[in-house]
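To start, the structure itself, in structure tokens.
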Amino acid sequence: CNDRPSAYTPHSLGNLSSSHKLSLLVLSMLVVFISSINSLPLDEQRELEPEIYSKYYNYDQLTDLLKSLAQKYANIANLTSIGRSVENRELWVMRITRDPTADGPGKPKFKYVGNMHGDETVSRQVLIYLLEYLLEKYGEEPRVTELVDSTDIYIMPSMNPDGFEKSKEGDCMGKDEGRNNAKNVDLNRSFPDQFEEIHVNAEEMPEVAAVMRWILQNKFVLSGNLHGGTVVASYPFDDSAAHDNEGTYSRSPDDALFRYLARVYAENNPVMKTGQPKCEENINETFKDGITNGAKWYDVAGGMQDFNYLKGGCLEITMELSCCKYPPSTQLKTEWDNNREALLAYMEKVIHIGVRGFVRAARNDAPLADAVIMVAGINHKVSTSRFGDYYRLLLPGTYNITVLAPGYVWYIFMRENCMCGFYILRTSPTETSVNSASTDSSSSSTGVNEAADEEKDSRVTVQPQDFRHHHYNDMELFLQKFSSEYSSITRLYSIGKSVQERSLWVMEISNNPGVHEFGEPEFKYIGNMHGNEVVGRELLLNLIDYLCRNYGTDPEITQLINSTRIHIMPSMNPDGYEVSQEDISGVQGRNNTNNYDLNRNFPDRFNFVTDPRQPETLAVMNWAKSYPFVLSANLHGGSLVVNYPFDDSPDNVSIYSKSSDDDVFRMVALAYSQENSQMYDGHSCKGMDLYQEYFKDGITNGAEWYNVHGGMQDWNYINTNCFEVTIELGCYKYPPAADLPKYWERNRRSLLQFIHQVHRGVKGVVIDSKDGFGIPNATITVDTINHPITSNVAGDYWRLLVPGKYHLTASAQGYSSVSTFVNVPKEGVEIVNFTLNRIHSYTNGQTTEDTTPVLDPSVKEFQSLIKQLSGESGLDKLIKDTPTQSSFRYRRYSEVSEFLRGLTLNFPEITSLQSLGQSVEFRTIWALEISNNPKVQEPSEPKIRFVAGIHGNAPVGTELLLEFAASLCINYGKNAAITRLINETRIVILPSINPDGRELAKEKDCTSTAGKTNVHGKDLDNDFFEPQPETRAVMDLIQERGFTLSVALDGGSVLVTYPYDKPVQSVENADTLRYLATVYANHHPKMHSGDTGCPNSQMGTIPNGVLRAAEWHSHMGSMKDFSVDFGHCPEITVYTSCCLFPPAEMLPTLWAENRKSLLSMLVEVHKGVRGVVKDKNGKPIVGAIIVLNGGVRVFTSEGGYFHALLAPGLHNIEAVADGYQQQSQKVSVSPFEAASSIIIEFDMENDIFGLPRELVVASAAAAMTALVVTACIIWCVCSAKSNRQKDGFHRLQQHRDDYDDEIRLMSMGSKKSLLSHEFQDESESDQDTLYTNKL
């Protein structure tokens, strides 16, 4: 058998007949053909089979189907993924519309989302059937064709593909754990919520993060979220402030519209419309008309439909489609039949109801993006797309519609349901150069009041109806209610907590809440500073009610809110209020829980306040410095008068203590008192024998009334741009609730009129003439008033002034000052803009042209980013845009190492991990570099070092730096600002210098020294002279130079220290070092107040939270001193918490407190001065010395680059290099701008030893000639002498030979050898040596 030839050998083939050969050839060709078919791509092979409505598609099948449909119907379908699930499955979205790959105006966006809960599968299948139906019937059925042509439809069949894969067919109750995602997170409980703080962790719930991005990036108009488990249409809100399990109707502003939309779906579903789903789990459950309010059914916090409405401007309802969550596939045809018409009818409402149109500028017909469309009486706004089109779903009726766009006149239109195109005129008050200005009449309080008086009889304002005393919980619910119902104009936020952990709530009321609008002044009211003075608290709650309810209908209120950002704090002392009781003049509850009077607790100009700063005081101080407040009032009780600064006098006597702005204070005080007839009368407490006070016109200077040290109003005026007065509202501190309506009626007009005063005086912007940007922190001075104010981050400013003529000057560091005259009108505000020129550099005493090279757009863009991030709101926005959701805990050495390696494995393109050395116990000292090119030296980029763990018993810094590194890596490529900072910076992170000590430290031990030192018992921060292995590793890194800034994190207090630790008398660059420390402290919510809050602290209040290190703990051999002296790099040390090793539960709070400050260092490292040193031929000079202000030295690196951080101001820069003439320049450094870039070009050195080069060269030549002549003479003399010595040498040699003969006769040869070496001298001449060797 083995010898039998194969049937396929050529020999056997030759033996076949011709017919057999032909058959074999045909068979071979058939095999090749079939193989070629099988080799085709799947998409080309698959012929779409007719839908059979009796099977479920798993993920792979769904993917194949969607790709095939997108390919077959490419003219109207486009398949994309908006993200991936935990298990890396795509979140597919099919877009169905005419021309689906392009965006354009005129088509509202609609979406359906299914399978949010993985085991609720009917939704997944009916959406597959729906998109098949739309694609197949397009062009055949007019209804479908019109819908697809006129609507931008997005269908996501499965938001939770991982959960679906775990679910099992036939499981009606959802017992197989497929409901949640792969991280066991319920996706419909994980969206940001209006009543409950929910953080979205992108790692735990990437599906939610992806859908949130999708919602916020698209202006969807209408949406449906399909679920299972019963049969009903549920509409917002899904939860309430009380979070009752069920039964609480949580009404949205569009409640009637939502009910209508829900009924549209329910009425077209034969089961749903009955309102009796008859589900086995709850057989008797019924829903009237087949619909329900979400919260009334059951409370769901973190639901998607509420997020759509509140954050995305999209109306969404939730449809529950079937009692069984995962019914048998045989039931799918019935479910499709039940829902097909409902799905189509619901979609059609996006084009058939409400108003729609375009918003364009009247001047040039340009579309206006993000213009706000508001409907009077419905506190929910929508905005235009980038094409200027808008869609506002409304029920039939007549509406007043307000259109708002920044920089444009706002208009109110009355429209019935129609297609409405709004054309808005752009208005620019005549904003000319500084020597001419114009009046902004739009903010004239008189004009508003006159208009209000004319319309007083024709309009009806809604007055507060609920007058009662609100205890804390009641007040909190009141604020949450109004924040929810009027979310388009309100923002509720807390500025801190009281001693007893009650939130200090503030309600912001503005047409764009949460945003400082350029040119818009900010105003604040504060009430209940003394807990037992309660009228102010209740009046401010009434005011919130009044403003919200009348916005959009009352012209005065609408204009006031549109032109002012109003902040209202009803209670500054909620703890004191809770222990107060109805009383005329009692003191119970006046002080806070620690029994300190908060109005005696602020820093004072004449007297040092020794009482510890209270948390309420610190919170208000931080708040006042965080917003550009212009005007404020502090509401009190016990008298009836407006009290204005100053509140105390130098000699502590009751005397008129006039401020520089006394006229302004009298003007705003009178504005309040004149609207309150009882107050203006001046007799504050008639009929009360205890009080016989009289205040002319109802106002008084504070110190003239009585002295108050540590008062809030004086602190505001001295330390901020805000003018504040104190308003005493009545003689009864805690009156009966029945009297509250009288207080409201007496003070309503006064409260409004006082807000109007913020629009008096002058306002404008200070502009940089070079780039056109606003100049932050510019100073505006008035020649006759000794009280400068400063511009805001964007360069806008406000200066309250009484009518009259003034001479104003605007100045800023690094700019030439500009002055102008201005006439302030009797009503309204005068607009005065200043344009400042940058001071040019001065080189060697000569003015030069600006040496900054022409910047390419990318560099300009980065400089703009630095300027943007340097403002308070810049970093706040960055943090808001890059949320972090980490499970904080302490990590030991092995986990730290794994974490760092994990970063390099997950982000290899931007990270590099390096071992600097090992500890005593051979643990690695790690250094992680984060940059866009981490393995390449880039000398033109600044290099920053973050260090922690030098003391093992203070591990907070280690955890903060690990979280910091992770947040940077995770947001790289996702957030533009983080990406750009990493691309432009080399970030080096040393999370733990003392890993051995860390292993010995004890958690929750705030004072233990265990682990502070290394295992040799050495405090590493005292050891940079006689280094241990750990410090040697760090020293080598420091001495590499190239670092621009270093930040070290430690523990044991809350402050920042700067060099030196050693007790030196002076520090050369103390201003810069102190400034860098101050930047960190200023971005920390507690640190900059100077009150560490640490028990047993002996330091008291630390100014700005910053100290020179030697004043804190003086010692030698510190890391920061070594960094400055040998690394030429400034280093600051941040003490992050009073407790050395706080509980792990504290880590999220500490991260939140320090995150902004850490980011500020990444911004700050790009400031100061930078440049290139080169010769006249353009060759860079490496190693040149840059001397800063005659002291500190830095060195140029490869490419001639240098970068040095400097405090804001004008600085002297000197450049020195061997063989070159010394160069010097003056440069200006701004606290808000990227580093001033200069080019230093060296000439050859003209002077040598202080003499002209030509003279030195000629002298040297003459000296060399004389030296040569002298050498020749000496040579001749020496030659003659040498000849005489040679003759003597020969005679001596002859005598020596005779002596040798005698020695030979008397001694052995060894003795002769000894003699020849015994007396040899190292100083012998060559001839002597020769003579000796001859022996």
Side-chain angles (χ1 to χ4, degrees), residues 862 865-866 869-870 875 878-879 882 884 896 899-916 925-949 957-993 1034 1037-1038 1040-1049 1076 1079-1080 1083 1119 1123 1127 1129-1134 1151 1154-1168 1170 1197 1201 1203 1205 1234-1235:
F862 183 66
L865 174 64
I866 294 298
L869 294 177
S870 295
L875 287 177
L878 178 58
I879 289 173
T882 55
T884 58
V896 171
F899 185 89
L900 294 172
R901 281 191 286 266
L903 287 177
T904 60
L905 292 173
N906 284 282
F907 306 98
E909 71 281 4
I910 60 168
T911 60
S912 174
L913 189 61
Q914 175 189 359
S915 170
L916 301 181
I925 312 296
W926 293 114
L928 176 73
E929 179 174 345
I930 303 175
S931 70
N932 65 332
N933 205 353
K935 297 181 180 179
V936 177
Q937 296 291 329
E938 296 183 87
S940 62
E941 291 184 356
K943 193 174 178 183
I944 185 170
R945 184 173 68 242
F946 292 97
V947 186
T958 297
E959 302 306 325
L960 296 185
L961 290 187
L962 293 177
E963 181 64 22
F964 187 50
S967 68
L968 291 175
C969 292
I970 289 170
N971 286 289
Y972 183 79
K974 297 178 181 178
N975 180 271
I978 292 293
T979 303
R980 195 64 193 271
L981 285 173
I982 291 176
N983 288 344
E984 302 291 340
T985 321
R986 295 183 64 199
I987 305 163
V988 178
I989 295 177
L990 282 67
S992 182
I993 298 177
V1034 179
L1037 177 70
I1038 291 173
E1040 287 179 8
R1041 297 183 179 176
F1043 285 100
T1044 308
L1045 176 61
S1046 178
V1047 180
L1049 304 187
L1076 293 171
V1079 170
Y1080 192 102
H1083 287 94
M1119 180 170 63
S1123 178
C1129 169
E1131 179 172 294
I1132 60 173
T1133 301
V1134 178
W1151 165 244
N1154 287 276
R1155 185 183 179 197
K1156 187 176 177 182
S1157 296
L1158 291 170
L1159 286 170
S1160 75
M1161 295 293 97
L1162 283 187
V1163 175
E1164 204 62 32
V1165 77
H1166 287 279
K1167 298 179 185 177
R1170 62 184 303 181
S1197 61
Y1201 292 104
H1203 188 170
L1205 299 181

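As the structure is a computational prediction, the values presented were derived from the model and not from experiment.
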Straight-line distance of Glu1164 CD to Ile866 CD1, nearest 0.5 Å | 9.0 Å
Between Phe946 and the options Val1134, Leu1045, Ile989, Leu990, the side-chain contact (heavy atoms from CB on, under 4.5 Å) test singles out Ile989
Provide the closest heavy-atom pair for Pro991 versus Val896 in the form atom of the first, atom of the second, distance.
-> CG-CG1, 4.4 Å
So, does Ser1160 use its side chain to make a donor-acceptor pair with the main chain of Tyr1080 at under 3.5 Å?
-> no
In chain order, what residues pass the salt bridge (Lys or Arg N to Asp or Glu O under 4.0 Å) check against Glu938, with sequence neighbours excluded?
-> none
Provide the closest heavy-atom pair for Pro1130 versus Thr1044 in the form atom of the first, atom of the second, distance.
-> CD-O, 3.3 Å
Heavy-atom closest contact (Pro942 atom, Glu984 atom, distance) | CD-O, 3.5 Å
Scan side-chain atoms only and decide if Arg945 and Ser1123 contain a donor-acceptor pair under the 3.5 Å cut-off.
-> yes
Positive for side-chain contact (heavy atoms from CB on, under 4.5 Å) with Val1163, one of Leu875, Leu878, Thr985 = Leu875
Tyr972 to Ile978 - nearest heavy-atom pair and separation = N-CG2, 4.2 Å
Check: Asn1154 main-chain N/O paired with His1083 side-chain donor or acceptor under 3.5 Å = no
Would you please name every residue forming a salt bridge (Lys or Arg N to Asp or Glu O under 4.0 Å) with Glu941, sequence neighbours left out?
-> none
At what distance, to the nearest 0.5 angstrom, does CD1 of Ile1038 lie from CZ of Phe1043?
-> 8.5 Å
Would you say Met1119 and Glu1131 make side-chain contact, with heavy atoms under 4.5 Å?
-> yes
Quick one: pull up CG in Asn971 and OG1 in Thr882 and give me the separation to the nearest 0.5 Å.
-> 5.0 Å
Would you mind reporting whether Ser870 and Lys1167 have side-chain heavy atoms less than 4.5 Å apart?
-> yes
Does the distance from a Lys or Arg side-chain N to an Asp or Glu carboxylate O, for Glu963 and Arg1155, drop under 4.0 Å?
-> no
Taking side chain to side chain contact (heavy atoms under 4.5 Å, CB included) as the test, write out the residues that go with Ser1197, two or more places apart.
-> Pro939, Tyr1201
To the nearest 0.5 angstrom, please state how far the CG atom of Asn975 sits from the CD1 atom of Ile982.
-> 9.5 Å
With rounding to the nearest 0.5 Å, note down the distance linking CG in Leu1158 to CG in Leu968.
-> 9.0 Å
So, does Thr904 use its side chain to make a donor-acceptor pair with the main chain of Ser912 at under 3.5 Å?
-> no
Exercise: identify the closest heavy-atom pair between Lys943 and Gly1042 | CB-O, 3.3 Å
Would you say Leu981 and Leu869 make side-chain contact, with heavy atoms under 4.5 Å?
-> yes
To the nearest 0.5 Å, how far apart are OG1 in Thr911 and CG in Leu900?
-> 9.5 Å
Any side-chain heavy atom of Phe964 sitting closer than 4.5 Å to one from Leu1049?
-> no
Looking only at heavy atoms, the pair that brings Ile910 and Cys969 closest together is CD1-CA, 4.0 Å
For Leu1076 and Met1161, what are the C-alpha separation, side-chain angles and deciding distance, and is it a side chain to side chain contact (heavy atoms under 4.5 Å, CB included)?
-> CA-CA 8 Å; Leu1076 293 171; Met1161 295 293 97; 5.7 Å; no
